[in-house]
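Residue numbers begin at 1 in each chain, while the letters A, B, ... track the order of the sequences.
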Amino acid sequence: MKIIEPHVHMIARTVQDYERMARMHTVAICEPAFWAGYDRTSPQAFHDYFTHISEFEPTRAAQYLIDHYCWICINPKEAEDVGFSREVISFMPEFLNKPNVLGVGEIGLNKNTRNEMIIFEEQVELALQMDQLIWIHTPHLQDKLKGSKMMLDYLVGHGGVDPARVCFDHTEEHTLPMLHEKGFWCAMTVYPVTKNSPERVIDLVEKFGLDRMIVDASGDWGPSDPATLHDTLFQMRLRGHSDKSVEQLFYNNPCRFLGQLGKFKPQPTD
Amino acid sequence: MLTYNVTEPAIELFGITPYGMTMKSPKTAPELVDQFYLHMRSALIETAAAFDRIQVADAASEVWQDPRLVELREAALIIAGDQPERARQILELLSVKEEEEA
Ligand SMILES: [Zn+2]
């Protein structure tokens, strides 16, 4: 069975992670643009970063027969300075037009501030103008519920956003139901301590079904591990689910969501 | 929120949950207890031990009413109760409330 990792920051990972993912049958991965652990000192630093994730990481991945795709945006943690953010947004289109860039992401909120929301909205508009998919980061811990509601209300109230082209990531028991009910894709991140465990992800799948559900490990510079995705696949099998259902969750679903623009090469098996 | 119970024949027939439907665990409750009991036991003991560790440390009285710890004691009551969706209830309890500033 082939696996897709829809969210991993390979810029922060070693080559051993590529090796391990290849051994665990991961055939394609997606790298959303995010915070590097420190605030960049100029918009140009984002240009360099976008070049790295859209040009260099694909060559590292290719050595392990993994297709590498990325998402481009100004992340919410660096979106507080509106003028700075707009400069970054001004050169996003040149990257969004590349054949391995899937859309605008991971945009979203961090501390749910007014400025973060302004930049979120402007990037949604850019995505709509350029007919792009949208990948959304929901805030951490105690801020997740409020921030998820703010973005949901905005997108539903907007009127021009097709929820089938938007995925909310890092969803949990308290945020997934309201997002899923409105027709959005929901990604569940398996991340030690601060997000979901493999067990809780399969609980959510049992409760809400397989439709519009995605799992990712969000490996980054923190205490994370791309293998938690595969731990979750194993948990699903331990819980007695069929191979077909497992394949739908870990391969066919991401193929369907990510493949909507025709750039993502892996094809669903069903 | 709309959910549907999938009938067992549907699962048998397609081996897969139709879109828009829930996917009941194929395991029975006794099987799930066997699978998860030690994990549940461990998680509760770890939390109890952390409370003990804090309580015997210097300046324990300063943090005993820390809102984070107060919320965790409330969370323990949610676990002990009979209402379902305990994880969701605890996550909501630990969230910034709508009217609060983030
Ligand atoms: Zn991320």
Original post:
Does the side chain of Ser95(B) come within less than 4.5 Å of Lys146(A)'s, by heavy atoms?
Top reply: no
Original post:
Does the side chain of Arg239(A) come within less than 4.5 Å of Leu32(B)'s, by heavy atoms?
Top reply: yes
Original post:
Is it true that Glu206(A) and Lys27(B) have a side-chain N and a carboxylate O under 4.0 angstrom from each other?
Top reply: no
Select one option (side chain, backbone, both, neither) describing which atoms of [X] are under 4.5 Å from chain B's heavy atoms.
X: Met236(A); value: side chain
X: Leu176(A); value: neither
X: Glu247(A); value: neither

Straight-line distance of [X] [atom1] to [Y] [atom2], nearest 0.5 Å:
X: Lys24(B); Y: Lys207(A); atom1: NZ; atom2: NZ; value: 13.0 Å
X: Leu145(A); Y: Glu92(B); atom1: CG; atom2: CD; value: 6.0 Å
X: Leu204(A); Y: Arg88(B); atom1: CG; atom2: CZ; value: 10.0 Å

**OP:** Could you please spell out the steps behind the side chain to side chain contact (heavy atoms under 4.5 Å, CB included) verdict for Arg86(B) and Glu173(A)?
**Re:** CA-CA 9 Å; Arg86(B) 291 173 181 80; Glu173(A) 290 89 341; over 6 Å; no
Would you indicate whether [X], at its atom [atom1], is surrounded by more than 12 heavy atoms from other residues, nucleotides or ligands within a distance under 6.0 Å?
X: Phe234(A); atom1: CZ; answer: no
X: Met40(B); atom1: CE; answer: no
X: Arg73(B); atom1: CZ; answer: yes

Subject >> Pairs of heavy atoms under 4.5 Å with chain B: top-ranked of Lys149(A), Met178(A), Met150(A) >> reply: Lys149(A)
Original post:
Distance-only, no hydrogens or angles: does the Lys144(A) side chain make a donor-acceptor pair with backbone N or O of Leu91(B) under 3.5 Å?
Top reply: no
Original post:
Where do Gly240(A) and Pro26(B) come nearest, in terms of heavy atoms and distance?
Top reply: O-CG, 3.2 Å
Original post:
Contact part of Glu31(B) toward chain A, heavy-atom cut-off under 4.5 Å: side chain, backbone, both or neither?
Top reply: neither
**OP:** For the pair Gln235(A) and Gln35(B), evaluate side chain to side chain contact (heavy atoms under 4.5 Å, CB included) and give the outcome as yes or no after the intermediate values.
**Re:** CA-CA 11 Å; Gln235(A) 172 67 211; Gln35(B) 195 169 339; 4.0 Å; yes
